Amino acid sequence: MEEARAADPVLTIKPPAGRIYKKIALFPLELPKYAFRLATFPLGFTSRYVERKHIQQRVADFLSNDERTMWVYPIIEGGAGSGFGGGPGFKYIDLFHRGYQLSAYYKIHVNLDQQAGASLEKPDAFEILGTPISWSFSPQWQRSANQYFYGIGNDSSQDDQTKYLINETDILGSIAAHPFKNFSTGIDLGYSIATTGVGAYPTVGTIFPTSSLPGYGKWLQYILAGITISHDDRDNRSVPESGGVRTFRFLRYQHLGEGNLSFNKYVLDVKQFIRLWAPRHVLALHMGWAFEQETGGSTIPFYRLSTLDVYSPLRGFKRQRFVDNDMCVFNVEYRFPLWGTIDGVFFGDTGRVFPKITDFSFSGFKYTGGGGLRMRAMNTMIFRVDVAYGGEGVNAIFGMSKSL
Amino acid sequence: MKRYVLIMIFCSVLAGCAASSALRFPPSRWVKDNDRMPILEPKERWKYSYAVGESERYQTAAFEKISTFIGVPKMVTGGNEEAFNVNNFDESPDSTWFTNRLGRFDISASDIAKGGGGGDPAGLKDDLEVVWVGRGEVAPEMIVEDDDGTHHLLLFDTQERPEAATGASIIANRLLYAFGYDLPVSRIVSIDRDRLPISPHAVTLTKYDEERPASSENLDKLWNMIATDPRTGLARAVMLTKPDGIAVGPFSFHGKRYGDKNDRISHENRRELRGLRTFCAFLDCGAMVDQQTGDLFIATDGDKGHLMHYILYTDNMLGAYGKEDAPQGYEPAKWNPFVSNAAFNMTTKRDAFWAAAILSRLSNDAIAAVVNEAAYSDKGARDAMIKKLIDRRDKTVAYWLGILSPLTNFELTTSDKTPSPLVGEGGGEGGFLFTFDDLTGKQMYRYRLRTERGRAVLKDWTEIPETKVCIDSDLAARILKKRLYVLEIQAKKNGDEYWLPPVDVFLKRTGPDEITLMGIARRYR
């Protein structure tokens, strides 16, 4: 063999010359990539340092127990009109070693808006005729003197920004059956009590007569009853790369007390994640519809109307920016790996609110576009930063909440 | 904006004009890359950088596809470009990365089974000291130093899967070496705890990869994870002897190594690293990452030398850690690694074909001989492994050789030197005999001879029953000097409706009585 090899011609093998010309010619196409990386270079450097020093693992060790079943973590969020906020969060995913999942959080913002919530769940708690049944119970509370109200309708003006106070407590229990893989159907029962009042300046009464706002200034109590049908085949709940979740929900808000403020709410939400040419390159599509229907000549409290805002998400607009009976939103998001633990994202959002389904048209849609970063650790998204523009100024949002 | 778009379109068109010739090299099927030029020892790469570079690798690999995705035609961007380091005959040169072995020579089953050590019978030496104790996260492992100062990696089986990791390691080591990659010398050894005193300088790693002094307790803790024979207390291990040279960290499957002037081809564009994907499919290796590899600096001229590129770890192959294929079994078309790398992402059909052609030369006897080296105690396990490897080889070869033309080993000889009835019938003095091999066999063939760009067809499609083409003296006389001619050859199985994509064989008259085979191009369609 060696004799045969000795006779082989020895060459200095280089890439084909055409490759160099091609690289030069295609360089303009690469400019956006280099620009993005240049802009985020400090993050990339930090990301490398974090990986090398196993800082994520150290933090995880600090925040959780050895079995990784219990976590105590900080919550940090801000932007989109709510200001900087934070608080502690807690999660136990195998309580008493019996599969109970308990989570709780408390958040307070610099403007003293507060939120708290808890959830107790038992997936696959028992079976009925071979069908696994799960249940959950989740109380939520919020008190905010900085709820925005711009008026009802798609044409509400940014200049009409007012604020009101809301104090709301919801308790919701659900029982769901899982007859097929990834599919669940369940019934929801709950109770909600809320009141509104004078909030921070400018108060809602300075522009909108409070007498014209249904439910304003009263304690309103509701019994909630409904159904949820869901199909969820995402490969990962936090940073999905394939599959999707499709949910239909009907909820009856039965008003208790004087006046007729009962209504029905229908929500259709579809998310689909498409893995592109390589891991972490994901196209995320979202479509959301919400319809609220008055029943028997009732009216819907103004703060319970369908909302199209930064959390819908229409990320170029602030909280509670558009409200009306019905709402639709469409989102496209492209995620790509930027650095070791940081993904970049470009997105486009569009949507509108409308009073009745017969009033729906494709005109008047609001559009936003933007980009952001997603920091991930151990296959979980732990922090996000988004910057979006929708014609009403640049919106910067950061926090630990999930996007799409 | 409009200006920017116009510039992009202009540049894209310009890129399309930059087509590369398939005939860049001398007309020799086997060539050697001059990549051992003396360089200074490069800086050590961080050994866990596979995690750091992951996103960049994907990004670069994906970029080619993004360009296509956003509307730049594939003919302009090239999609996944073909490997850069292939010669005129679509072969990978001998280099510090790869040495043509099974693909070039007939190697006996026993030689393949011997692997890189050439059957070195040396087992464990007596004076061993443990100098590095692993954490045992994936596999229990440790590094021992013998009295010569040579380091050996001892890789053990876990109690849950006895003989799995060591068996896989040996088999994959032998086979990859036969295919042409560089791997450390490996052998199966049996060892007990008493023969492993810990060195006073021994180190271990914390779970955050920080080096700490190792103690006997660390070693005992690791030993408790290891599968041992309950009767003798001996543990079975695969011993990988560190190759000569200074370890400078792993190589990357993407980009080039900074400081290595011999590293002229981006690794994701190297044929042997792309083709490794097909070998990994055959070896049921779901993850091939930088961490499994190693570069060694060989000093040849004072403080200067060159790098050699090794695949070090092969214990995660053949389902050793329990990751199995889909329930329907192994399907080459659908096989994807659990953890990919840029070179695998860039693999083209020609890369896979190249690897499958080498794999087709691996005989059943060689597979059996290699599996015997793994010294499975259970004959059933041994037979199952042989069966698995034969099955995977057959499926891999059948799939990839069915996509492109399976014709190879092209040779051109003058008729007067080669007695053949065919030449006698149609050739005669001044004619040429063109022969080739069919890796799948039992096919029908046809050929035509044309000028390079097809402006003139010297001989239209002609069916032939054998793997021989006679270029008679009249036809040979029409092959003029200074012009390139293409002999297109197609094959199909008896009964098939369609011919497989052709192989273009480039011919050139290099003398009054001499026609030279300049190279080949295996076409997609």
Side-chain angles (χ1 to χ4, degrees), chain A residues 1-34 36-37 44-45 47-58 60-61 276-281 283 334 336-344 376, chain B residues 4 7-8 10-21 24-26 28 30-35 46 48 51-56 58-59 61-63 65-67 69-70 72 76-78 81 84-85 87 93-95 99-101 104-105 107 207-210 264-266 269 340 345:
Chain A
M1 288 189 214
E2 292 314 311
E3 297 84 57
R5 288 188 207 286
D8 294 341
V10 179
L11 309 166
T12 301
I13 294 183
K14 294 177 181 171
R19 166 70 180 178
I20 296 158
Y21 304 141
K22 188 183 273 187
K23 262 198 120 161
I24 295 166
L26 290 178
F27 184 71
L29 283 176
E30 300 210 41
L31 280 174
K33 180 184 85 173
Y34 288 122
F36 210 94
R37 296 192 67 169
F45 187 78
S47 168
R48 282 178 184 231
Y49 184 81
V50 163
E51 268 189 286
R52 282 194 178 210
K53 296 291 175 187
H54 297 265
I55 290 173
Q56 292 174 343
Q57 206 181 338
R58 288 170 201 261
D61 287 348
L276 300 176
W277 35 81
R280 289 172 64 186
H281 286 265
L283 186 68
Y334 167 55
F336 53 95
L338 194 61
W339 300 100
T341 56
I342 296 173
D343 288 350
R376 49 201 280 164
Chain B
Y4 185 69
I7 290 170
M8 278 172 55
F10 172 75
C11 292
S12 302
V13 171
L14 199 68
C17 301
S20 57
S21 168
R24 294 196 294 143
F25 301 107
S28 170
W30 309 109
V31 297
K32 210 181 280 179
D33 190 1
N34 184 23
D35 63 350
W46 184 42
Y48 297 104
V52 172
E54 190 180 4
S55 59
E56 289 94 317
Y58 288 138
Q59 203 165 30
F63 178 70
K65 297 188 180 180
I66 294 173
S67 310
F69 182 73
I70 62 175
V72 182
V76 173
T77 63
E81 285 178 295
F84 291 171
N85 67 327
N87 63 14
D94 288 350
S95 66
T99 308
N100 286 288
R101 297 189 183 106
R104 180 173 181 180
F105 301 105
I107 306 176
K207 64 178 175 178
Y208 305 128
D209 287 335
E210 295 162 327
R264 294 177 292 265
I265 308 284
S266 296
N269 291 317
S340 192
N345 289 344

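Every value quoted in this text rests on a predicted model; they were computed, and no experiment measured them. Note: hydrogens, waters and symmetry copies are ignored here, and every other heavy atom, side chains too, is used. Labels below follow one simple rule: chain letters A, B, ... track the order of the sequence lines, proteins then strands, and each chain is numbered from 1.
With a 4.5 angstrom heavy-atom cutoff, Phe105(B) touches chain A only via side-chain atoms. Proximity to chain A is limited to the side chain of Asp94(B), based on heavy atoms less than 4.5 angstrom apart. Of the two parts of Ala7(A), neither the backbone nor the side chain holds a non-hydrogen atom closer than 4.5 Å to a non-hydrogen atom of chain B.
Contacts with chain A were tallied for Asn269(B), Ile107(B), Asn100(B), Thr99(B); Asn100(B) has the most, counting heavy-atom pairs under 4.5 Å.
Note on Asp343(A) versus Arg376(A): salt bridge recorded, some NZ/NE/NH1/NH2 to OD/OE distance being below 4.0 Å.
A distance of 6.5 Å separates CG in Asn85(B) from CD1 in Ile13(A), rounded to the nearest 0.5 Å. Note that CG of Leu11(A) and CG of Asn87(B) are 8.5 Å apart. Values are rounded to the nearest 0.5 Å.
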- [ ] Go through the steps to decide whether Asp61(A) and Arg58(A) satisfy the test side chain to side chain contact (heavy atoms under 4.5 Å, CB included), and finish with yes or no.
- [x] CA-CA 5 Å; Asp61(A) 287 348; Arg58(A) 288 170 201 261; 5.6 Å; no
